[in-house]
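For reference, the structure discussed in these notes is given below.
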Amino acid sequence: MNLLKKFLFELQEITNLIIAAFFGLFRSPRYFSETIRQMDLIGVGSLPIVLLTGFFTGGVLILQTYPTLEYYSLQDQAGKSVATSIIRELGPVLSALMVSGRIGSAISAELGSMVVSQQIDAMRALGTDPNRKLVAPRIIALMFMLPLLTVAADIFGIVGGGIVASGVFSLDYNSYITSVRFGITTQDLIGGIIKPLFFGLIIGSVSCHKGLSTTGGTVGVGRSTTNSVVLSSIVVIIFDFFLSRAINSIFDIKTI
Amino acid sequence: MFSLQNEETVVAEEIIEEELQPTDLEDAVDEPHRIIPAIEFRDVHLSFDDNKILDGVSFTVRRGETKVILGRSGGGKSTTIRLVLGLLKPDSGQILIDGEDITNYSEIEMMKVREKIGMVFQEGALFDSLSVYDNVAYRLHEQGIDETEVETEVRRMLKFVDLEDAIDKMPDELSGGMRRRVGIARALVGDPQIIMFDEPTAGLDPPTARTICELAIKLRDLEDVSSIFVTHEMKNVEYLSSEYATVNENGEVIFEMEGEKLCLINTEIVMFKEGKVIFSGKNEEFRATKDPYILKFVRGK
């Protein structure tokens with residue numbers, strides 16, 4: 001019961017944070033330059049790790065699935081299998097997990113340090129709402145940049161798969177590209193963009209909430225950083241299931 | 001607005017104690033707004049879980065008065081300041097700022113109230129990512145003030161705390177005392193008429209602590225600022241309740257001891273014990289008390 005109460009309380013706090021940040025967007029001053037700075041930090045800063053993750057995920061997918069496909073004489077479906085897996089699931093989820101590890105922890109640690117050194121109190125005392133100045137730009141930047149990072153990861157994943165398919169298994173590159181082109185649908189692409197939008201919201205709100213609710217000095221900062229990454233990663237994975245289900249039924253995507 | 005007042009103002013605040021009452025009728029006629037206390041606590045209660053932090057706290061801070069809040073660590077001193085700023089809300093009771101009941105104000109309503117309050121935090125609470133200039137200019141940048149005006153104001157404030165040379169430094173390049181002084185300069189931007197000092201001398205060497213107290217005295221005597229000065233150092237109490245700032249014939253600010261012919265009436269002590277006010281009055285009364293808890297605090301043993 002206590003756990004349930006704690007969960008509901010956290011959920012309420014996170015929801016309040018999102019609402020406060022959202023309504024803050026309609027009042028001046030607006031922190032446009034801070035949002036751009038966050039986009040640069042989150043988007044450009046995370047690009048290398050997301051691209052690497054995408055590339056090697058595509059490669060390993062082919063490495064593991066190609067022998068099975070070959071056994072059933074379905075080598076010409078190799079591109080489709082990689083593209084579908086990456087665009088529908090692995091691209092959005094892995095990008096979100098990488099960003100959660102890199103950015104979620106940084107947000108939580110930064111805000112947590114500001115809390116324990118009374119900088120958040122100072123900000124409020126100086127007439128600034130931290131939800132508008134700190135939370136809103138980070139959530140917006142994450143919601144905007146994560147879909148773009150996911151698209152980049154998807155492309156590199158497909159390229160990685162192609163390189164491994166032709167390099168290791170001597171699959172004709174044209175056959176791979178054709179399989180990718182005819183294998184993915186517009187619904188897959190839209191679904192693959194919608195997911196990271198929500199994942200960005202989850203990572204941003206959970207990390208900001210954990211950072212702003214830090215207590216217990218520097219030890220508390222470490223604790224909230226860990227909690228932020230663990231919680232946002234778990235919520236992303238759980239939410240992915242329900243989101244996939246919703247997207248599949250909305251766009252009538254066949255799962256076979 | 002931040003100009004030095006002439007000597008007459010200072011002398012007026014040094015009238016013999018018997019002749020002046022907090023709500024003196026003549027003062028009230030001349031400046032009716034002075035009747036309204038700058039800060040007023042009415043039977044304020046606050047608890048965190050089962051832990052009572054404030055238990056029926058009531059006191060007032062008049063205009064131009066410094067209230068020194070004394071008490072052991074964890075006794076509710078800093079909480080009192082946070083309540084004034086609306087960073088916390090009381091469980092019951094009323095808090096009034098300039099006669100305005102802010103107890104149930106929302107965060108948006110509090111933003112307006114905070115414009116007239118400056119806050120000096122224990123460790124300075126400077127923004128790590130901003131230079132001294134940007135820290136002091138923070139409130140003005142948020143208000144979208146023209147940069148030329150901002151620079152003039154920032155330089156004026158840094159001159160007041162004698163830190164003009166540190167304008168381009170980052171907070172991590174400053175000593176503890178310098179950080180507090182930058183914190184004071186930041187709190188003074190916008191000329192607030194109420195200032196909160198949350199243990200501003202904690203962990204500082206005696207000369208630097210003295211400098212911080214002198215700044216508080218200057219604000220009280222030359223700028224007519226009302227303040228709450230939270231501390232647990234008796235040396236600070238001595239400075240604040242026995243010295244006053246005035247301007248000599250060369251226009252320099254000097255500090256003098258109260259003598260036989262005058263007695264400072266614009267500094268009072270409030271002593272907290274386990275969330276309750278156990279003493280409120282002048283320094284002389286404080287030191288003459290027989291209360292064993294206060295005696296222990298005064299003597300430090």
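Within every chain, numbering begins at 1; the chains are lettered A, B, ... in the order of the sequence lines, protein sequences first and strands thereafter.
With a 4.5 angstrom heavy-atom cutoff, Q143(B) does not touch chain A via any of its atoms. Heavy-atom distances place the side chain of Y138(B), and not its backbone, under 4.5 Å from chain A. With a 4.5 angstrom heavy-atom cutoff, L85(B) touches chain A only via side-chain atoms. In this structure, the portion of R82(B) lying under 4.5 Å from any heavy atom of chain A is its side chain and not its backbone.
Highest contact tally toward chain A, considering only R114(B), K112(B), R139(B), is held by R114(B) [criterion: heavy-atom pairs under 4.5 Å]. The residue among G127(A), A125(A), S117(A) with the most heavy atom pairs within less than 4.5 Å of chain B is A125(A). Comparing D128(B), V113(B), D198(B) by heavy-atom pairs within less than 4.5 Å of chain A, the highest count is held by D128(B). For the set R124(A), Q118(A), K133(A), the count of heavy-atom pairs under 4.5 angstrom toward chain B peaks at R124(A).
Distance check, rounded to the nearest 0.5 Å: CG of D240(A) to CD of E89(A) gives 4.0 Å.
Classified by interplanar angle (parallel below 30°, tilted 30° to 60°, perpendicular above 60°), the ring pair F59(B)/F41(B) is parallel.
Annotation: residues 97-108 of chain B contacts chain A through E107(B), I108(B) [non-hydrogen atoms, separation under 4.5 Å].
Salt bridge R72(B)/E274(B): absent, no basic N to carboxylate O contact under 4.0 Å.
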